[in-house]
Amino acid sequence: MKVLVIGGGAREHALCRSLSQDPAVTELHCAPGNAGIAQVATVHPVDQLDGAQVLALSQRLAADLVVVGPEAPLVAGVADPLRAAGIPVFGPSAEAAQLEGSKAFAKDVMAAAGVPTALSYVCTTPAEAAEALDAFGAPYVVKDDGLAAGKGVVVTSDRAAALAHAASCDRVVIEEYLDGPEVSLFAITDGVTVVPLQPAQDFKRALDGDEGPNTGGMGAYSPLPWAPEGLVAEVLEHVLQPTVDELRRRGSTFSGLLYAGLALTSRGTRVIEFNARFGDPETQVVLARLRTPLAGVLLAAANGSLAALEPLRWDDGAAVTVVVAAEGYPAAPRSGDPIEGLEKAEAADGTVFVLHAGTRADEEGRVLSAGGRVLSVTGTGADLAQARDRAYAGVAEIRLDGSQHRTDIALKAARQQAGE
Ligand code: AMP
Ligand code: GLY
């Protein structure tokens with residue numbers, strides 16, 4: 001099978017790593033890719049937001065499957081011309097990707113499907129925003145309606161800051177504050193059948209102890225030893241399946257990866273947000289535990305045959321990933337610095353591996369930082385403590401001037417799992 005992956009972040013590197021280990025994959029391509037992806041796939045300099053360019057490349061390569069990774073090309077509709085040309089594509093249409101592209105659309109779908117989520121108002125003027133903030137009280141949750149790479153959400157008890165964020169966006173969703181731990185649950189769907197993956201937890205704040213600004217995600221782990229039994233079945237029944245059914249009913253069939261960001265509140269499970277693609281960095285840990293070869297699963301979603309797929313097989317152990325970010329991330333990341341220690345960070349037996357996010361190679365083949373989240377180091381092991389130790393041992397080998405990472409990824413969960 002010839003597979004083309006669209007995108008160039010750590011999520012696409014994780015996808016390419018898993019696909020490169022699948023014996024069914026005979027050729028692996030990625031566009032545009034990055035310095036790390038170039039080690040496992042042939043990379044192509046293509047504008048990932050340009051559907052015509054992506055279609056032309058897919059046809060030239062005679063790709064049997066195209067996997068569209070990030071939200072920006074999905075929301076821009078890059079999957080649509082591929083599907084129209086009869087190419088199996090993993091990733092929703094532009095219409096279905098509105099589930100991530102517009103928080104107001106997602107709220108509307110959830111209301112129609114009876115999916116539990118935070119109460120919310122859509123506001124377009126400062127007066128509306130002020131009224132909504134006062135209706136819910138502190139802490140305030142203000143979300144830019146459009147795509148913002150995980151940085152459009154402000155959660156604060158400072159009313160002035162909440163109002164200022166609302167004023168900086170055209171349209172905002174203001175909603176009730178959800179307490180309780182967060183869970184990311186991904187599901188693969190062909191628009192009818194929904195196959196959940198293993199839950200993971202992301203660390204959204206920049207600093208240890210969940211301090212600092214929201215980011216795209218600073219680390220993740222799986223499994224979640226503290227998660228209630230039956231969580232996946234409950235979310236499948238009350239969140240994932242009804243959402244997929246509602247989108248099909250509207251004529252906007254969703255095929256690809258449905259990501260439910262959940263809060264396990266004192267009043268039950270609530271959806272914080274949907275995404276229309278694999279999460280980053282959760283994908284690093286979820287795919288690290290998936291034993292079923294990936295290409296067949298993605299192809300079954302693309303061609304509508306998920307119902308016939310064997311149950312997924314999972315590693316019983318654990319995976320922990322730690323993001324290494326550039327100085328200044330998320331506000332103003334610095335770039336262009338050399339990264340050293342990449343090879344030393346990895347374990348020869350595959351229990352520790354580095355995935356590139358914002359990197360590029362210079363003319364001499366040196367790897368330079370080229371983005372906010374630069375790379376992630378994933379460790380696997382028998383339990384979270386071992387996976388965590390391995391991931392951090394890898395991080396300790398990375399040399400990047402001014403870089404930052406959290407030191408407490410999966411710490412609490414590892415202690416809990418060890419019975420401490
Ligand atoms: P989102 O982009 O919607 O996932 O929001 C980013 C992060 O903001 C989430 O992962 C939560 O940590 C936080 N957040 C979003 N909505 C809420 C809410 N209603 N209550 C509490 N925290 C929230
Ligand atoms: N880890 C959060 C996201 O992918 O949106």
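Along the sequence shown, residues are numbered consecutively beginning with 1.
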Item to complete: Among Glu282, Arg277, Glu100, Glu71, find the residue that satisfies the side-chain hydrogen bond (donor to acceptor under 3.5 Å, both in side chains) test when tested with Tyr259.
Response: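 Looking at Glu282, Arg277, Glu100, Glu71, the match for Tyr259 under the side-chain hydrogen bond (donor to acceptor under 3.5 Å, both in side chains) is Glu282.
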Discussion item. Would you say that more than 12 heavy atoms from the other residues, nucleotides or ligands in this model lie under 6.0 Å from the CZ of Arg334, or not?
Written reply: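 Yes.
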So how far is it from [X] [atom1] to [Y] [atom2], rounded to the nearest 0.5 Å?
X: Cys16; Y: His29; atom1: SG; atom2: NE2; answer: 10.5 Å
X: Asp408; Y: Tyr392; atom1: CG; atom2: OH; answer: 6.0 Å
X: Gln39; Y: His13; atom1: CD; atom2: NE2; answer: 6.5 Å
X: Gln98; Y: Phe274; atom1: CD; atom2: CZ; answer: 14.5 Å
X: Thr269; Y: Leu231; atom1: OG1; atom2: CG; answer: 5.5 Å
X: His44; Y: Gln53; atom1: NE2; atom2: CD; answer: 12.5 Å

Is there a side-chain contact between [X] and [Y] in this structure, where contact means two heavy atoms from C-beta onward sitting under 4.5 Å apart?
X: Thr359; Y: Val374; value: yes
X: Pro116; Y: Arg267; value: no
X: Pro139; Y: Ser157; value: yes
X: Phe90; Y: Leu82; value: no
X: Pro281; Y: Asp202; value: yes
X: Ile87; Y: Gln59; value: yes
X: Asp280; Y: Val323; value: no
X: Leu258; Y: Val194; value: no

Discussion item. Under the criterion side chain to side chain contact (heavy atoms under 4.5 Å, CB included), I'd like the reasoning laid out for Val68 against Val89: C-alpha separation, chi angles, the key distance, then a yes or no.
Written reply: CA-CA 7 Å; Val68 184; Val89 49; 4.0 Å; yes
Item to complete: Report the C-alpha distance between Val271 and Met110 in whole Å, list the side-chain angles of each, state the deciding distance to 0.1 Å, and finish with yes or no for side chain to side chain contact (heavy atoms under 4.5 Å, CB included).
Response: CA-CA 9 Å; Val271 173; Met110 284 189 263; 3.7 Å; yes
Discussion item. Just to verify, which of Val46, Asp64, Leu65, Leu4 counts as forming a side chain to side chain contact (heavy atoms under 4.5 Å, CB included) with Ser58?
Written reply: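 Passing option: Leu4.
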Strictly distance-based, threshold 3.5 Å: is any side-chain N or O of [X] a donor or acceptor partner for the main-chain N or O of [Y]?
X: Asn34; Y: Gly8; answer: yes
X: Glu246; Y: Val109; answer: no
X: Asp22; Y: Ala295; answer: yes
X: Ser120; Y: Ile174; answer: no
X: Arg205; Y: Gly212; answer: yes
X: Glu176; Y: Phe136; answer: no
X: Glu327; Y: Ala332; answer: no
X: Thr26; Y: Met1; answer: yes
X: Gln201; Y: Leu224; answer: no
X: Glu234; Y: Gly230; answer: no

Item to complete: Apply the test salt bridge (Lys or Arg N to Asp or Glu O under 4.0 Å) to residues Lys107 and Glu175: give CA-CA distance (whole Å), side-chain angles for both, the deciding distance (0.1 Å), then the verdict.
Response: CA-CA 11 Å; Lys107 288 287 185 190; Glu175 64 182 35; 3.0 Å; yes
Worksheet entry | Ring-face cation contact, Phe105 with Arg250, 6.0 Å cut, 45° max |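 So Arg250 does make the cation-pi contact.
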To check you understand the geometry: which heavy-atom pair defines the closest contact between [X] and [Y], and what is its length?
X: Pro126; Y: Leu163; value: O-CD2, 4.2 Å
X: Ile398; Y: Leu342; value: CD1-CD2, 3.9 Å
X: Tyr140; Y: Leu133; value: CE2-O, 3.4 Å
X: Val367; Y: His356; value: CG1-CE1, 4.0 Å
X: Gly296; Y: Leu309; value: O-CD1, 4.3 Å
X: Leu74; Y: Gly69; value: CD1-O, 4.1 Å

Side chains of [Y] and [X]: any donor to acceptor distance under 3.5 Å?
X: Asp158; Y: Thr156; value: no
X: Thr265; Y: Arg270; value: no
X: Glu131; Y: Tyr121; value: no

Fill in: salt_bridge(Asp210, Arg406) N-O dist < 4.0 Å
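Salt bridge flag = yes for Arg406 with Asp210.
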Worksheet item: Under a 4.0 Å N-O cut-off, is there an ion pair linking Lys103 with Asp144?
Response: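 Salt bridge absent between Lys103 and Asp144.
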Practice prompt. Start with the C-alpha distance between Val322 and Phe203, add both sets of side-chain angles, then the distance that settles side chain to side chain contact (heavy atoms under 4.5 Å, CB included), and finish with yes or no.
Written response: CA-CA 10 Å; Val322 179; Phe203 291 74; over 6 Å; no
Fill in: Phe278 and Phe186 aromatic ring geometry - parallel, tilted or perpendicular at 30°/60° bounds
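Judged by the thresholds at 30° and 60°, the geometry between Phe186 and Phe278 is perpendicular.
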Check: residues 375-385 side-chain donor-acceptor pairs under 3.5 Å, at least two apart:
unit_1: Ser376; atom_1: OG; unit_2: Gln284; atom_2: NE2; d: 3.2
unit_1: Thr378; atom_1: OG1; unit_2: Thr321; atom_2: OG1; d: 2.9
unit_1: Thr380; atom_1: OG1; unit_2: Thr351; atom_2: O; d: 3.3
unit_1: Asp383; atom_1: OD1; unit_2: Ala385; atom_2: N; d: 3.4
unit_1: Asp383; atom_1: OD1; unit_2: Gln386; atom_2: N; d: 2.9

Worksheet item: Could you walk me through whether Arg415 and Leu411 pass the side chain to side chain contact (heavy atoms under 4.5 Å, CB included) check?
Response: CA-CA 6 Å; Arg415 287 189 176 146; Leu411 180 59; 3.9 Å; yes
